[in-house]
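Remarks on the structure that follows.
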2 protein chains.
Amino acid sequence: MTCSFSKQEQVLQQFKGLTNQVSPKFERCTGISASRYELLSQLYQTDEINQSTLQKAVNIDGAAITRHLKQLEAGGMVARRRNPADNRVIFVSLTEEGRKQIVEYRKENMGFVKQMLHDFTSEEVDVLSDMLDRMQHNIVDY
Amino acid sequence: MTCSFSKQEQVLQQFKGLTNQVSPKFERCTGISASRYELLSQLYQTDEINQSTLQKAVNIDGAAITRHLKQLEAGGMVARRRNPADNRVIFVSLTEEGRKQIVEYRKENMGFVKQMLHDFTSEEVDVLSDMLDRMQHNIVDY
DNA sequence: TACTCTTTAGTGACAGGTCAATGAATAGTG
DNA sequence: CACTATTCATTGACCTGTCACTAAAGAGTA
């Protein structure tokens, strides 16, 4: 008999399959990529922040952050300036324009997320969120 | 007050953050990318299969499938031949070499997955798997 | 002060995913 | 039978992530 694959292994594959599907759909629905949306969200919640701490908050490689921010800056959504007290770091913040835009994006985002979780009770969402946290901890330094 | 982001929105971000972290770690641990592992797994379970049905099973764009399979073929893991009864389709199958290799990969994979889910009961794994399924259904044609 | 070590951002090369367009083979239909 | 429509695999262009490397600034120390 061909030995079957465990539930645990399945989960990992479901996981990957799901995110592969989510990313392009998210972008089509909202008009912005999930990563950029997350960057803007972070900035919306804390005005003026180190690029490096932003990077840690978002869990994306620094190289990608640099590129995203440069394009967001070119699009007028984001402003960047060096920290005069420490010329290595760059302060990032939302522009007025960016602040206006994110509100729009957010509406679309909520619609998308609601659809994805439309049959989840709020307890289930909590459970899911906890599980994701635990998985993250389990592999954080593997 | 800056209006806070809902749990639902957080989940989506956790999701993306987690998969971003998982993929490279998986590859480091197992010596093969998650996608290729999944392709080989599928082939392991069903010998000789249409490339297109393989693609659907794996939830990756056809373009990526073509490229993966070509490289796996070049590496001697996989064999491909045209279906003589329908010259459009390509049959894919594991070679003996591939069949031997996947057993090794699988050991590494199990180790990785076990670590990721080490504090999950089997009920929790089931619950998680169901949730992932439901989310997939919820967005499948959005 | 001079020397090394660390932190920060940026850059280049690569991998893996998407979409859009193509060509070849087959199916379906008047 | 001829013509159109669909399916399948492939290719090219693009986006976004990773890693490895670099340059510049600052921190720590002999």
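Naming convention: chains lettered A, B, ... in sequence-line order (proteins, then strands); numbering from 1 in each chain.
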Set out, line by line, the N/O atom pairs under 3.5 Å between protein and nucleotides 2-7 of chain D.
| residue | atom | partner | partner atom | Å |
| --- | --- | --- | --- | --- |
| D:dT7 | O2 | B:Arg88 | NH1 | 3.2 |

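Comparing A:Asn20 and A:Lys56 by the nucleotide of DNA chain C that holds the closest heavy atom to each, the one mapping nearer the 5' end is A:Lys56. In terms of position on DNA chain D, the residue among A:Ala85 and A:Arg67 whose nearest nucleotide sits closer to the 5' end is A:Arg67. Take the nearest nucleotide of DNA chain C for A:Asn50 and for A:Pro24: the residue whose nucleotide is more 5' is A:Asn50.
The nucleotide whose nearest atom lies closest to any side-chain atom of B:Ile90 is, among C:dA9, D:dA9, D:dT18, D:dA9.
Looking at B:Gln14 and A:Ser129, their side chains do bring a donor and an acceptor atom within 3.5 Å of each other. For the 3.5 Å distance criterion, the side chains of B:Ser41 and B:Glu38 fail to qualify, holding no donor opposite an acceptor.
Looking at heavy-atom distances under 4.0 Å, A:Ser33 makes contact with sugar-phosphate atoms alone, never a base. Residue A:Ser52 is classed as a sugar-phosphate contact, given heavy-atom separations below 4.0 Å to backbone atoms only. Residue B:Lys25 is classed as having no contact, given no heavy-atom separation below 4.0 Å to the nucleic acid. Within the nucleic acid shown, B:Ile60 comes within 4.0 Å of sugar-phosphate atoms alone, with no base atom in reach, counting heavy atoms only. B:Asn87 comes within 4.0 angstrom of sugar-phosphate atoms only, judged by non-hydrogen atoms across all strands, and of no base.
A straight line from CG of B:Asn59 to P of C:dG16 spans 18 Å, rounded to a whole angstrom. The CG-P distance, from B:Leu69 to D:dC8, rounds to 15 Å in whole Å. The separation between B:Arg82 atom CZ and D:dC8 atom C1' is 8 Å, rounded to whole Å. Whole-Å rounding puts the B:Lys70 NZ to C:dA15 C1' distance at 17 Å. Distance, B:Asp86 CG to D:dA9 C1': 11 Å, rounded to whole Å. If you measure from atom CD of A:Glu27 to atom P of C:dG17, you get 17 Å, rounded to the nearest angstrom. Rounded to an integer number of Å, the gap from B:Asp61 CG to D:dG12 P is 15 Å. Atom pair A:Leu39:CG and C:dA9:P shows a separation of 13 Å (rounding to whole Å applied).
Note on A:Arg28: every side-chain N or O is 4.0 Å or more away from OP1 and OP2 of C:dT18. Residue B:His68 places at least one side-chain N or O under 4.0 Å from the OP1 or OP2 atom of C:dG17. Dashed line: the shortest gap from a side-chain N or O of A:Arg36 to OP1 or OP2 of D:dT16 is under 4.0 Å. Proximity of B:Gln51 to the phosphate of D:dT10: a side-chain N or O atom is located under 4.0 Å from OP1 or OP2.
Judged by atom type and distance alone, B:Arg80 does not reach the base of D:dT10 through any side-chain donor-acceptor pair under 3.5 Å.
A salt bridge links B:Arg134 with A:Glu124; the closest basic N to acidic carboxylate O contact falls under 4.0 Å. Ionic pairing of A:Lys70 and A:Glu73 is not present here: no N-O contact between side-chain nitrogen and carboxylate oxygen is shorter than 4.0 angstrom.
Across A:Asn59 and B:Asn20, no two heavy atoms sit closer than the pair O-ND2, 4.1 Å.
Between B:Tyr105 and B:Tyr37, the gap from one ring centroid to the other reaches at least 6.0 Å.
A parallel orientation is assigned to the rings of A:Phe15 and B:Phe15, their planes being inclined by less than 30° (bins at 30° and 60°).
At distances below 3.5 Å, not a single donor-acceptor pair connects side-chain atoms of A:Lys7 with backbone N or O atoms of B:Asp126.
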